[in-house]
2 protein chains.
Amino acid sequence: MFQVTKKVEYGLRAMIILAKNYKAKKVCSVKFLSEKEEMPFDFLEKIISCLEKSKLVKGSKGSTGGYLLTKNPNKINVKNIISSLEGTKAMTNCPFCPRNKKCIAKNAWKKIDNSLSKTLQDITLAQLIK
Amino acid sequence: MFQVTKKVEYGLRAMIILAKNYKAKKVCSVKFLSEKEEMPFDFLEKIISCLEKSKLVKGSKGSTGGYLLTKNPNKINVKNIISSLEGTKAMTNCPFCPRNKKCIAKNAWKKIDNSLSKTLQDITLAQLIK
DNA sequence: TTAAAGCAGACTGATTTAGTCTGTTTTTAT
DNA sequence: ATAAAAACAGACTAAATCAGTCTGCTTTAA
């Protein structure tokens with residue numbers, strides 16, 4: 001089946017910790033996150049950077065700095081996180097394939113992609129932390 | 001989002017053709033399949049070989065040989081096809097990770113994997129060809 | 001002013017992908 | 001009988017992606 005990348009795996013772990021600290025508004029540094037879940041610091045920095053660019057988290061600098069979710073965990077779903085980290089491209093390059101018009105599977109992938117997207121959208125961070 | 005491999009992409013294309021020829025019991029050679037959908041012959045041979053090992057198709061040798069689905073298209077779903085080609089491993093290596101007990105995401109991936117599996121199981125070849 | 005944090009980008013070894021190539025076996029048509 | 005056409009098997013490879021690492025800069029609170 002689909003193997004998820006380490007990027008996504010670590011990213012979700014970090015987001016779950018941030019979700020648990022959302023109510024108390026406790027900022028979490030990358031150091032804290034990486035130690036708590038034993039994830040490589042340098043790599044995690046880059047991952048969080050992606051999540052920040054898509055405005056799922058917000059960082060604050062300085063010695064008491066760290067990251068916070070930008071919104072309630074029930075407003076962030078797994079599709080948001082994966083899209084942020086892996087980009088928003090479709091499952092196949094079908095739409096850009098020169099023989100798309102003739103392709104026997106052109107509608108199949110549309111259906112499959114839509115179903116999977118819907119499924120991932122229905123799973124929120126809030127559900128995952130309770 | 002999830003990028004599907006060429007292996008799966010070609011595999012599904014081939015399976016859709018086979019599904020359309022199922023009622024008439026028309027065998028399709030790899031040559032026929034690869035020319036019809038412009039897929040690399042040698043690569044497709046390997047792909048079909050996987051599908052045969054998981055008993056989704058059955059080959060017959062000789063100069064009129066080729067492949068047939070082993071069962072009705074409404075009995076074959078997209079998960080069957082992807083599992084056959086990509087293996088049946090889970091989305092993450094979580095279950096085999098030494099720190100699984102402590103891992104904050106251990107149940108999250110179980111939930112996500114289950115939801116996606118169910119979604120892919122609900123899409124059959126029969127649906128895709130009508 | 002210095003330490004701790006965020007932020008940015010170049011670099012790299014290892015693995016996976018997407019095939020290709022060569023060769024064998026089986027079966028049908030001539 | 002034999003040639004042709006198909007399945008079947010496995011070794012090999014260039015290119016791309018993955019999973020980080022490393023270096024260095026900027027911002028901010030103590």
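The model shown is predicted, which means the values in this text are computed figures rather than measured ones. Quick note on labels: first sequence line is chain A, next is B, and so on, each numbered from 1.
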Separation of dC18(D) P from M39(A) CE (nearest whole Å)
19 Å

E38(A) CD - dG20(D) C1' separation (whole Å)
17 Å

How many Å lie between CG on L44(A) and P on dT21(D), as a whole number?
11 Å

Base, sugar-phosphate or nothing for Y10(A)? Non-hydrogen atoms, less than 4.0 Å.
sugar-phosphate

Closest listed nucleotide, where the reference is the side chain of K61(B) and the choices are dA7(D), dG6(C), dG19(C)
dA7(D)

Against the side chain of P40(A), the closest entry in dA9(D), dT21(D), dT27(C) is dT21(D)

Compare the minimum distances between each of dG20(D), dA29(C), dT20(C) and the side chain of S63(B), then state the nucleotide with the smallest one.
dA29(C)

Spacing between L33(A) atom CG and dG6(C) atom C1', to the nearest angstrom
13 Å

Taking the six-membered ring of Y22(B) (Phe, Tyr or Trp), confirm whether the NZ or CZ of K25(B) is under 6.0 Å from its centre and within 45° of its axis.
yes

Should L68(A) and M15(A) be regarded as members of a common hydrophobic cluster, given that ILVMFWY residues are connected when their side-chain heavy atoms come within less than 4.5 Å of each other, either directly or indirectly?
no

Per atom distances to the F43(A) side chain, the nearest of dA6(D), dC7(C), dA19(D) is dA19(D)

What contact category does F41(B) fall into here, base, sugar-phosphate, or nothing, at under 4.0 angstrom with non-hydrogen atoms?
nothing

With heavy atoms under 4.0 Å as the rule, sort K46(A) into base, sugar-phosphate or nothing.
base

Classify E52(B) by what it touches in the nucleic acid, base, sugar-phosphate, or nothing, heavy-atom distance under 4.0 Å.
sugar-phosphate

Among the nucleotides dC8(D), dA5(C), dG19(C), whichever has the atom closest to the side chain of E45(B) is dC8(D)

Look at the side chain of Y67(B) and decide which nucleotide, out of dC7(C), dC8(D), dA19(D), has an atom nearest to it.
dC8(D)

Nearest-angstrom distance from the residue atom CD of E35(A) to P of dA4(C):
12 Å

Go nucleotide by nucleotide along DNA chain D from the 5' end; which of K7(A) and S60(B) gets its closest nucleotide reached first?
S60(B)

Checking contacts here: which listed nucleotide (dA5(C), dA7(D), dC22(D)) is nearest the side-chain heavy atoms of D42(A)?
dC22(D)

Taking atom NZ as the centre, does K26(A) end up with more than 12 heavy-atom neighbours from other residues, nucleotides or ligands that are less than 6.0 angstrom away?
yes

Whole-Å distance between dA6(D) C1' and I48(B) CD1?
13 Å

Quick one: I47(A) CD1 to dG6(C) P, roughly how many Å, whole number?
14 Å

Assign G65(A) to base, sugar-phosphate, or nothing according to its heavy-atom contacts below 4.0 angstrom with the strands shown.
sugar-phosphate

Ring-plane angle category for Y10(B) and F43(B), please: parallel below 30°, perpendicular beyond 60°, tilted otherwise.
perpendicular

Identify whether F2(A) and I123(A) are in the same connected component of the hydrophobic contact network (ILVMFWY, side-chain heavy atoms under 4.5 Å).
yes

Take a 6.0 Å sphere around NZ of K111(A) and say whether it holds more than 12 heavy atoms from other residues, nucleotides or ligands.
yes

Could you say whether K6(B) or K58(A) is positioned toward the 5' end of DNA chain C, judged by the nucleotide with the nearest heavy atom to each?
K58(A)

